[in-house]
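Have a look at the structure below before the remarks.
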Number of protein chains: 2
Amino acid sequence: MPTAQTILDSAEAQMRARGYNDVSYRNIADALGMKSASLHYHFASKTDLGVALVRRYAENFRAAYDAQIQGNSAPLATLDIFIALHRQALAEQELICLCAVLGAERGSLPEAINDEVRAFFIGNINILTQIFNNAGRPKPERAAKASVSALEGAMIVAGVNGDMDVFDATAELVRTQLL
Amino acid sequence: MPTAQTILDSAEAQMRARGYNDVSYRNIADALGMKSASLHYHFASKTDLGVALVRRYAENFRAAYDAQIQGNSAPLATLDIFIALHRQALAEQELICLCAVLGAERGSLPEAINDEVRAFFIGNINILTQIFNNAGRPKPERAAKASVSALEGAMIVAGVNGDMDVFDATAELVRTQLL
DNA sequence: GTCTATAAGATGATAGAC
DNA sequence: GTCTATCATCTTATAGAC
């Protein structure tokens, strides 16, 4: 595996647990048995690292979604795939969404990173708008905005409370929009 | 106004915009025209400051809620007050909920602070559980968990996207549970 | 590509004068 | 209560050897 990818892997895991500002080049280097100076060869600045990280995160999410929807699934089945994609890492590794973390720290982040976070949210809103639209729901974009918000918030509250039922109850509310 | 309160005021405004880890004793002191050493007289450690901050935030929220519900309002009217309490600071000052920010940074915070954040979420879930219960809704606690999650997430996504409609669309979804 | 060495600045925190 | 002065440590980042 290319070193740049292992750097992003470590950065992602740490930032999803502790936030952008608590993760340093040293933290990441230590976790990989490297020196912090070496990381600057792959990502000249922390901003570069952050931008690359969110971009990869969004691409991976989209790729996983595209791989799981087989052509013309029913809207509810497609929504359940979208929900499951959010649920996974939270249940298995207690990791919340990278963009929920970065979105909460927005005021301290370089605008280039905020732009990528926004693109992730808008991309997900677009995915869900299409699903709700296919189901013939009125105002599909508003349903999509509410769904993205609910699921992002659910990861944070479920994480703090140590209660996966918080996530599942929220997912149920999101699903009612297609029932 | 007591100095301790003005310190908390500045800390709250800054942390709700930039996160816990990007706000320092120096930042707060500068904003107040003081020296960082002086802050340690009022809050010996940053953990003490954080705990006091979340505790005051939860108390203020609860007091504002109690002041606005007049005795026996209808469930939907009461829910709208709860929603409006979340909407205010976001619309007027672009400040998201303190506990949404701290919840996102959970893995880097002292456990004493995480405990206060959890108490805030549980307190709000209890408030909403009572509202949904009064309305005769089945599984009122699950509706409450979903509502808290949705509103916390809505503040983050609305903030990043610069789109208050994200919040309002989410609030609408929360309200459907009483329609 | 990775290292050592280093820079300039920020951080939470303390001691002690006023 | 607030200050000056100071501390040990951490931060992002660079220069240059290997």
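Just so you know, these numbers use all the heavy atoms, side chains as well, and skip hydrogens, waters and symmetry mates. Remember, it's a predicted structure, so these values are computed and weren't measured experimentally. Every chain is numbered from 1, with letters handed out A, B, ... down the list of sequences.
Contact check of residues 3-24 of chain A against DNA chain D (heavy atom, cut-off under 4.0 Å) returns Val23(A), Ser24(A). Non-hydrogen atoms lying under 4.0 Å from DNA chain D are contributed by Met34(B), Lys35(B), Ala37(B), Ser38(B), Tyr41(B), His42(B), all within residues 34-44 of chain B.
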Distances under 3.5 Å between nitrogen or oxygen atoms of protein and nucleotides 16-18 of chain D:
none

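Protein atom CD1 of Ile28(B) is 10 Å distant from nucleotide atom P of dT11(C), rounded to whole Å. Whole-Å rounding puts the Lys46(A) NZ to dT12(D) P distance at 5 Å. Atom CG in Asp30(A) sits roughly 15 Å away from atom C1' in dT12(D) (whole-Å rounding). Rounded to an integer number of Å, the gap from Arg26(B) CZ to dC10(D) P is 17 Å.
Shown here are the side-chain contact (heavy atoms from CB on, under 4.5 Å) partners of Glu12(A), two or more places apart in sequence or in another chain: Arg16(A), Leu53(A), Arg56(A), Tyr57(A). Among residues two or more places apart in sequence or in another chain, the side-chain contact (heavy atoms from CB on, under 4.5 Å) test is passed with Asn21(B) by Asn21(A), Asp22(A), Glu105(B), Ser108(B). Partners of Arg55(A) under the salt bridge (charged side-chain N to carboxylate O under 4.0 Å, His left out) rule, at least two apart in sequence or in another chain, are Glu116(A). With sequence neighbours excluded, the residues forming a side-chain contact (heavy atoms from CB on, under 4.5 Å) with Asn126(B) are Ile122(B), listed by chain and number. A search for side-chain contact (heavy atoms from CB on, under 4.5 Å) contacts involving Gln130(A) returns Asn134(A), not counting sequence neighbours.
Put simply, the side chain of Ser73(A) never gets that close to the backbone of Ile69(A): no donor and acceptor are under 3.5 Å apart.
Counting only residues at least two apart or in different chains, ring pair (Phe, Tyr, Trp, His ring centres under 6.0 Å) contacts with residues 73-119 of chain A comprise Phe61(A)-Phe82(A), Phe61(A)-His86(A), Phe82(A)-His86(A). The side-chain hydrogen bond (donor to acceptor under 3.5 Å, both in side chains) pairs that include a residue from residues 144-153 of chain B are Asp163(A)-Lys145(B), Asp165(A)-Lys145(B), Thr170(A)-Ser149(B), Ser147(B)-Gln177(B), where partners are two or more places apart or lie in different chains. Among residue pairs with one or both ends in residues 153-179 of chain B, none qualify as ring pair (Phe, Tyr, Trp, His ring centres under 6.0 Å); sequence neighbours excluded.
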Distance-only donor-acceptor hits, side chain of residues 30-42 of chain A, under 3.5 Å, sequence neighbours excluded:
{"from": "Ser38(A)", "atom 1": "OG", "to": "Lys35(A)", "atom 2": "O", "distance (Å)": "3.4"}
{"from": "His40(A)", "atom 1": "ND1", "to": "Ala44(A)", "atom 2": "O", "distance (Å)": "2.8"}

